[in-house]
Participant: 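Sharing a structure below in structure tokens format, with a few things to ask.
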Amino acid sequence: DVKVTQSSRYLVKRTGEKVFLECVQDMDHENMFWYRQDPGLGLRLIYFSYDVKMKEKGDIPEGYSVSREKKERFSLILESASTNQTSMYLCASSSQGARQPQHFGDGTRLSIL
Amino acid sequence: DQQVKQNSPSLSVQEGRISILNCDYTNSMFDYFLWYKKYPAEGPTFLISISSIKDKNEDGRFTVFLNKSAKHLSLHIVPSQPGDSAVYFCAARATSGTYKYIFGTGTRLKVLA
């Protein structure tokens with residue numbers, strides 16, 4: 001079974017802080033993704049990566065950056081957290097091949113105060 | 001602009017009956033569609049998919065129907081079970097060769113015992 005592990009289930013940070021969300025997958029997947037889930041808006045793609053050190057912007061990249069130094073790890077960075085970044089963040093991975101389903105972690109509920 | 005729409009935020013069905021979840025899309029370039037199920041406090045899990053060259057795909061109690069002319073797909077669950085109570089997301093792939101999926105806003109299904 002694919003395991004996608006997000007480092008924190010709940011996180012509370014303050015406005016202006018730099019925040020790191022970590023995600024690790026154990027299936028040697030090439031592709032990794034970061035989404036945020038908000039009520040009434042579904043899942044929106046922030047960034048994705050199809051290889052180590054490669055990244056592409058999703059639909060809502062503003063205020064975020066990512067890092068993929070190793071194949072199994074994909075980090076989401078909030079450079080200067082703001083209250084409108086309070087959300088549920090979901091990491092996913094998939095193997096090579098555009099028709100491969102994505103496997104999700106259990107999410108990190110981030111609150112910015 | 002929501003390219004993938006799930007117009008029913010919630011649905012209640014009696015156990016043993018059929019559940020029908022609907023999804024509409026606007027982009028005729030979408031060629032691959034998936035359904036995910038999400039329980040509270042867990043990440044979405046892949047349920048079933050369909051390619052645009054088909055109009056039906058079946059997997060046990062779950063069947064997905066695609067009507068390309070209407071840009072509409074639906075997920076049928078027969079018979080519905082209490083364990084099917086979850087939020088269901090449909091997702092569409094933008095164009096061939098991309099890893100990017102567009103998700104709908106989700107429909108919360110409640111199966112009543």
Side-chain angles (χ1 to χ4, degrees), chain A residues 1-10 21 23-25 27 29-51 54-61 68 74 88-109, chain B residues 1-10 21-27 29-54 57 59 62 64 86-108:
Chain A
D1 253 6
V2 177
K3 185 75 174 170
V4 178
T5 303
Q6 294 184 231
S7 54
S8 304
R9 294 300 300 271
Y10 301 94
L21 302 183
C23 175
V24 176
Q25 50 95 1
M27 284 302 291
H29 282 169
E30 289 79 11
N31 307 319
M32 295 189 75
F33 308 82
W34 275 107
Y35 294 87
R36 61 179 282 179
Q37 182 191 359
D38 300 289
L41 297 176
L43 276 68
R44 293 181 293 165
L45 181 65
I46 305 171
Y47 266 98
F48 67 102
S49 167
Y50 50 89
D51 202 351
M54 306 300 287
K55 61 186 179 186
E56 282 199 28
K57 292 180 181 179
D59 297 317
I60 50 165
R68 191 158 180 212
F74 193 34
M88 169 68 83
Y89 289 87
L90 291 161
C91 175
S93 72
S94 70
S95 58
Q96 203 167 31
R99 293 192 171 189
Q100 295 301 313
Q102 295 173 10
H103 301 266
F104 285 83
D106 287 339
T108 296
R109 184 163 293 283
Chain B
D1 181 32
Q2 193 73 25
Q3 294 188 67
V4 178
K5 299 179 186 178
Q6 294 176 257
N7 292 316
S8 298
S10 63
L21 296 97
N22 294 304
C23 181
D24 296 295
Y25 61 96
T26 58
N27 190 337
M29 296 300 290
F30 288 155
D31 65 352
Y32 192 63
F33 304 88
L34 305 91
W35 284 93
Y36 284 83
K37 177 168 74 173
K38 185 181 185 301
Y39 292 120
E42 294 182 13
T45 55
F46 169 70
L47 198 54
I48 193 169
S49 62
I50 188 167
S51 163
S52 60
I53 62 172
K54 294 187 172 182
N57 189 27
D59 183 3
F62 302 91
V64 56
V87 177
Y88 289 79
F89 292 97
C90 65
R93 189 181 66 174
T95 54
S96 295
T98 182
Y99 303 110
K100 181 178 169 182
Y101 286 92
I102 310 293
F103 281 79
T105 53
T107 296
R108 183 177 301 277

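Here is how names work: the chains are called A, B, and so on, in the same order as the sequence lines, proteins then strands, and each is numbered from 1.
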Participant: Give, for atom NZ of B:K38 and atom CG of A:L43, the distance between the pair rounded to the nearest 0.5 Å.
Facilitator: 8.0 Å

Participant: Answer with side chain, backbone, both or neither: which region of B:Y36 has an atom nearer than 4.5 Å to a non-hydrogen atom of chain A?
Facilitator: side chain

Participant: Is the gap between the ring centers of A:F104 and B:F46 under 6.0 Å?
Facilitator: no

Participant: Report yes if the side chains of B:K100 and A:D59 come closer than 4.5 Å at any heavy-atom pair, otherwise no.
Facilitator: yes

Participant: Quick one, A:Y35 and B:F103 - any side-chain contact, counting heavy atoms below 4.5 Å?
Facilitator: yes

Participant: If I compare all heavy atoms of B:Y101 with all of A:Q100, which pair ends up nearest, and what's the gap?
Facilitator: OH-O, 4.0 Å

Participant: Counting only heavy atoms closer than 4.5 Å, note whether A:R9 contacts chain B via side chain, backbone, both or neither.
Facilitator: side chain

Participant: Hey, which of A:Q37, A:E56, A:R44 has the most heavy atom pairs under 4.5 Å with chain B?
Facilitator: A:Q37

Participant: On a heavy-atom basis, which atom in A:L90 and which in B:G43 lie closest, and how many Å separate them?
Facilitator: CD2-CA, 4.2 Å

Participant: Could you point out which residue of B:L34, B:L47, B:I48 forms a side-chain contact (heavy atoms from CB on, under 4.5 Å) with A:P101?
Facilitator: B:L34

Participant: Under 4.5 Å heavy-atom distance to chain A, tell me which part of B:P9 shows up: side chain, backbone, both or neither.
Facilitator: neither

